[in-house]
Participant: 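Mind looking over this structure? Questions follow.
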Protein chains: 2
Amino acid sequence: MGTLTKASTNASKTEQALKQMHFVEDVGLSFEMVGLPRMAGRIFGWLLLSDPPHQSPGELADVLQASKGSISTMTRLLVQIGLIERISLPGQRRDYFRIKPHAWTELTKQRMAQITAFRQLAERGLELLEGENPQLRDRLIEMRDMHAFLEQELPALIQRWEDR
Amino acid sequence: MGTLTKASTNASKTEQALKQMHFVEDVGLSFEMVGLPRMAGRIFGWLLLSDPPHQSPGELADVLQASKGSISTMTRLLVQIGLIERISLPGQRRDYFRIKPHAWTELTKQRMAQITAFRQLAERGLELLEGENPQLRDRLIEMRDMHAFLEQELPALIQRWEDR
DNA sequence: ATCTTAGTTCAATATTTACTGAATAAACTA
DNA sequence: TAGTTTATTCAGTAAATATTGAACTAAGAT
């Protein structure tokens, strides 16, 4: 665990644990910035550091000092949006959660759905302004075209990432 | 205003107005999906359809049936994140709001900041796992690399859009 | 200068969202 | 089967956020 060689030359265990919890807290805040619940971020943050990488709901409730109910709800959400997955290990009794490999490409694909939604919205707007002064339509044309552009280009970008 | 030639062959004015309000409501919902206040979305939605494209706070409060305070707060927010701008017309008395040209590239740049934040978070995580089993570090390496990739590639993509 | 109209600020309120904890269910253990 | 452990559901509560409306400010009109 030591930063240098073996045991603790510098950071004590509790110091390290404190830094970890600070990290977890900050992931929570970042999730809020993106419109997701803070507790979902805390769970994700802990799963980024935990050893082993898979943790049971009980363990999560324990280290994050959250209720089981909260853990249950938030893991369900995280599974649903594709950031974590539920795994059941061979011999072991129950199941665990871990960060889904390629979680981030999942999230980007998620955003694609939003982009599509905005493009469709722009198209609905254009129907409403059908026959109107072209100047009035420009706003919506830009909105539609921009999102159509991203809809076309992002998958290629993701592909490049996956093939890297 | 008619969909076909001049006056109303089909949709009456109130029908049209209803559809417009439905559209405005849906933009509000879409904004919520992205983590912005619904009222900000309503304002933006109305500014996508309004004739003229610039509207005064009073007009906004009026059509959206919201309080002046709400309009004031939300226009401030929208200006701040770069989606709308305040304009003051030559002869006219006060100022108006309209959708900022290139509002959408602004928003995309905004998201760049989030991506940077996540990359930095991943790097902090890696420092915490320094010297640990490489398998444990993989999660954070993927997170860092993915965001670094986007940080590098998105500006080029936006550039291509602007040069189109 | 006074009146009128329009906009902003901010404290109070309403609404929404996150979180907890008790009750319930499910699954292994003995 | 009864007992133990662990997870889920859900109603209630706490906390955060959005929204209103009254008081204040500023600027044009008379």
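Atoms considered below: every heavy atom in the structure, side chains included; atoms not considered: hydrogens, waters and symmetry mates. Quick caveat: nothing in here was measured; it's all calculated off a predicted structure. Chain letters run A, B, ... following the sequence lines, proteins first, then strands; residues in each count from 1.
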Participant: In terms of hydrophobic clustering (I, L, V, M, F, W, Y; side-chain heavy atoms under 4.5 Å; direct or indirect links), are B/W46 and B/L107 co-clustered?
Facilitator: yes
Participant: State plainly whether the residues A/E15 and A/K19 are in salt-bridge range, i.e. N to O under 4.0 Å.
Facilitator: no
Participant: Find the distance B/L36:CG to C/dT16:C1' and express it as a whole number of Å.
Facilitator: 16 Å
Participant: Output yes when at least one side-chain N/O atom of B/R38 is less than 4.0 Å from OP1 or OP2 of C/dT17, else no.
Facilitator: no
Participant: Given the rule that I, L, V, M, F, W and Y join up when any side-chain heavy atoms are under 4.5 Å apart, are A/M143 and B/L29 in one cluster?
Facilitator: no
Participant: Please list, one pair per line, the donor and acceptor atoms closer than 3.5 Å that link side chains of residues 74-84 of chain B to other protein atoms, with sequence neighbours excluded.
Facilitator:
{"residue": "B/T75", "atom": "OG1", "partner": "B/I71", "partner atom": "O", "Å": "2.8"}
{"residue": "B/T75", "atom": "OG1", "partner": "B/S72", "partner atom": "O", "Å": "3.0"}

Participant: Mind running a 4.0 Å heavy-atom check of residues 55-64 of chain A against DNA chain D and sending the residues that fall below it, in number order?
Facilitator: A/S56, A/P57, A/G58
Participant: Return the set of residues passing ring-ring contact (aromatic ring centres under 6.0 Å, His included) with A/F31 (not counting sequence neighbours), or none when no residue passes.
Facilitator: A/F44
Participant: Evaluate the ring planes of A/W161 and B/F149, with Trp represented by its six-membered ring, and classify them as parallel (under 30°), tilted (30 to 60°) or perpendicular (over 60°).
Facilitator: tilted
Participant: Got a sec: does the CD of A/Q65 have more than 12 other heavy atoms crowding it under 6.0 Å?
Facilitator: no
Participant: Could you check B/Q159, B/R160, B/E153 and say which one makes a side chain to side chain contact (heavy atoms under 4.5 Å, CB included) with B/L157?
Facilitator: B/R160
Participant: Return the CZ to CG distance between B/R111 and B/L150, rounded to the nearest 0.5 Å.
Facilitator: 12.0 Å
Participant: Are any of the side-chain heavy atoms of A/Q55 and A/P52 separated by less than 4.5 Å?
Facilitator: yes
Participant: Heavy atom of residues 21-34 of chain B under 4.0 Å from DNA chain C: which residues?
Facilitator: none
Participant: Which angle, to the nearest 10 degrees, lies between the helix axes at the two ends of the helix from C/dA1-D/dT30 to C/dA30-D/dT1, each defined by five pairs?
Facilitator: 10°
Participant: Starting from P on C/dA18, measure out to CD1 on A/I43 and report it in whole angstrom.
Facilitator: 13 Å
Participant: Heavy atoms within less than 4.0 Å of DNA chain D: which residues of residues 66-81 of chain B have one? Give them sorted by number.
Facilitator: B/A66, B/S67, B/G69, B/S70
Participant: Judged by modelled atom types alone, do A/E142 and B/H102 share a side-chain donor-acceptor pair under 3.5 Å?
Facilitator: yes
Participant: Say whether A/L18 and A/V24 are linked into one hydrophobic cluster, either directly or through other cluster members, by side-chain heavy-atom distances under 4.5 angstrom.
Facilitator: no
Participant: Please determine whether residues A/M21 and A/L49 belong to a single hydrophobic cluster, defined as Ile, Leu, Val, Met, Phe, Trp and Tyr linked transitively by side-chain heavy-atom distances below 4.5 Å.
Facilitator: yes
